[in-house]
Amino acid sequence: MDLRGLDAGGYFEREGSLGRVQPAFADLVAAARGRLVEAYGNRLHSAYLYGSVPRGTARPGRSDLDLLIALQREPTDEDRHTAEVLGRGLDQDFAQIDGAGILLYGKDRLLSEQERYDLGWFLACLCTPLLGADLAEHLPRYRPDSLLARETNGDLAALLPRWRARFEAASEPVEFRRMNRFFSRHLVRTAFTLVMPEWGGWTSDLTESAQVFGRYYPERAAQLREAAAVALEPVADPAVARRYLDDLGPWLAAEYGARHGTKTPRPEGWT
């Protein structure tokens, strides 16, 4: 068993902290904090950083900024529009990042039983508190087991038709570049969680994730290494996304379902 990412009891250790934010990103994080308060006011319950910035591994000019926002209630269309404007503004004003992504949910959903092993785990284990009271205090501790694997990434088969529609609608190089980065990240993380229970540890490092996966599926190892490389250095070649949609994605979805089952359906209207 590899205990990386886990404590001595085999539970996830929360990754990332504000203390790990590199000096190059300090002004960005401060601006994000201030703009969130200004944008949402008393509608905001709490906000979190995740990804490379709080892990201290962000690369100036190449990494993106990832935020999760918990509102006091379910977000409205206006709230979502505000998040889009906020993300674009941060991306435009700070050359240190290549894009800003914002996840937006009501706090009750984040704490719901249906999301206990998906969004709840994500917040409690992979998100760093930035503003407000930490919702993780109301969530359990987690182990890298098959239930977690199923509920986090057991929906790939359902996602692939949406990915294909996005691919068919794309025409500009910038669209294919962003698509290739998104698809690559998602596939590498899904491939890692496929083998996570057997490996018995956790990593958010995409290169290491591909290496771990390759120990269990050597016939697919080269594909995952390539996907990890594209996730870190995205390219605009549409053939990359096409290979994911025609080969790696369908295979991974089928294998995932066979090993862990499919993700529990969410209530209508939840995305």
Side-chain angles (χ1 to χ4, degrees), residues 16 18 21-107 109-110 119 122-123 126-132 159 162-163 165-186 189 204 206 230-236 238 241 270-271:
L18 295 181
V21 174
Q22 298 143 291
F25 297 91
D27 290 346
L28 165 67
V29 171
R33 182 188 286 112
R35 294 184 191 188
L36 282 168
V37 173
E38 182 179 355
Y40 289 103
N42 59 14
R43 301 196 305 280
L44 180 69
H45 176 274
S46 51
Y48 308 80
L49 295 170
Y50 67 95
S52 60
V53 171
R55 291 199 303 267
T57 59
R59 299 176 299 164
R62 295 187 179 184
S63 296
D64 52 2
L65 176 70
D66 296 306
L67 292 161
L68 183 147
I69 301 172
L71 297 182
Q72 298 286 1
R73 49 167 171 71
E74 282 300 297
T76 63
D77 288 342
E78 181 180 354
D79 292 327
R80 295 184 183 93
H81 176 71
T82 297
E84 291 174 3
V85 172
L86 179 62
R88 286 198 301 269
L90 290 168
D91 185 29
Q92 291 168 2
D93 294 344
F94 292 90
Q96 299 97 311
I97 55 172
D98 180 20
I102 299 178
L103 300 177
L104 189 66
Y105 299 101
K107 66 179 179 62
R109 177 174 176 182
L110 291 166
L119 291 176
F122 178 73
L123 185 150
L126 304 188
C127 291
T128 296
L130 179 65
L131 279 168
L159 293 176
R162 301 182 205 172
W163 290 12
R166 179 178 173 184
F167 176 81
E168 296 300 334
S171 59
E172 299 296 327
V174 66
E175 294 178 281
F176 288 112
R177 181 177 179 275
R178 290 172 179 167
M179 192 182 310
N180 286 336
R181 179 166 68 172
F182 175 79
F183 289 176
S184 296
R185 287 180 176 183
H186 197 107
R189 287 169 179 153
S204 285
L206 295 174
V230 172
L232 296 171
E233 299 287 349
V235 296
W270 283 18
T271 57

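We number each residue from 1, following the sequence as shown. What you are looking at is a predicted structure, and each value in this text was computed from that prediction instead of being measured. The figures that follow rest on heavy atoms only: side chains count, while hydrogens, waters and symmetry mates do not.
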Restricting to ring pair (Phe, Tyr, Trp, His ring centres under 6.0 Å), what partner residues turn up for Tyr40, sequence neighbours left out? none

So, the side chain of [X] versus the backbone of [Y]: is there a donor-acceptor pair under 3.5 Å, distance only?
X: Asn180; Y: Ala241; value: yes
X: Glu175; Y: Ser171; value: yes
X: Gln96; Y: Ala24; value: yes

Heavy-atom pair with the smallest gap, counting every atom of [X] and [Y]:
X: Ala236; Y: Pro173; answer: CB-O, 3.5 Å
X: Pro54; Y: Gly51; answer: CD-O, 3.2 Å
X: Ala231; Y: Arg181; answer: O-CG, 3.7 Å

Suppose the criterion is ring-ring contact (aromatic ring centres under 6.0 Å, His included): which pairs have a residue in residues 48-76, not counting sequence neighbours? Tyr50-Phe122

Separation between [atom1] of [X] and [atom2] of [Y], rounded to the nearest 0.5 Å:
X: Ile97; Y: Gln92; atom1: CD1; atom2: CD; answer: 10.0 Å
X: Ile69; Y: Leu131; atom1: CD1; atom2: CG; answer: 9.5 Å
X: Cys127; Y: Leu110; atom1: SG; atom2: CG; answer: 9.0 Å
X: Arg33; Y: Leu130; atom1: CZ; atom2: CG; answer: 4.5 Å
X: Leu36; Y: Ile102; atom1: CG; atom2: CD1; answer: 6.5 Å
X: Glu172; Y: Met179; atom1: CD; atom2: CE; answer: 11.5 Å

Result of checking Arg177, Arg62, Arg59 against Asp98 for salt bridge (charged side-chain N to carboxylate O under 4.0 Å, His left out): Arg177

Note, [X] side chain near [Y] side chain (heavy atom, < 4.5 Å):
X: Arg189; Y: Leu206; answer: yes
X: Leu159; Y: His186; answer: yes
X: Leu67; Y: Leu90; answer: yes
X: Gln72; Y: Asn42; answer: no
X: Val53; Y: Thr128; answer: no

Can we say Asp91 and Arg88 salt-bridge, meaning some charged N sits less than 4.0 Å from an Asp/Glu carboxylate O? no

Verdict with supporting geometry, Val21 and Leu28, side chain to side chain contact (heavy atoms under 4.5 Å, CB included): CA-CA 10 Å; Val21 174; Leu28 165 67; over 6 Å; no

Can you run down the salt bridge (charged side-chain N to carboxylate O under 4.0 Å, His left out) pairs that involve residues 39-49, sequence neighbours left out, and say none if there aren't any? Arg43-Asp79

Run the salt bridge (charged side-chain N to carboxylate O under 4.0 Å, His left out) test against Asp66 and tell me which residues pass, sequence neighbours left out. none

Parallel, tilted or perpendicular: ring planes of Phe167 versus Phe176, cut at 30 and 60 degrees: perpendicular

With Arg55, which residues qualify under side-chain contact (heavy atoms from CB on, under 4.5 Å), at least two apart? Glu15, Ser52, Thr57, Ser204

Who pairs with Ala39 by side-chain contact (heavy atoms from CB on, under 4.5 Å), at least two apart in sequence or on another chain? Thr82

Can you confirm whether Arg35 is buried at CZ, in the sense that more than 12 heavy atoms of other residues, nucleotides or ligands lie under 6.0 Å from that atom? yes

Should we count CD of Glu78 as having more than 12 external heavy atoms under 6.0 Å? no

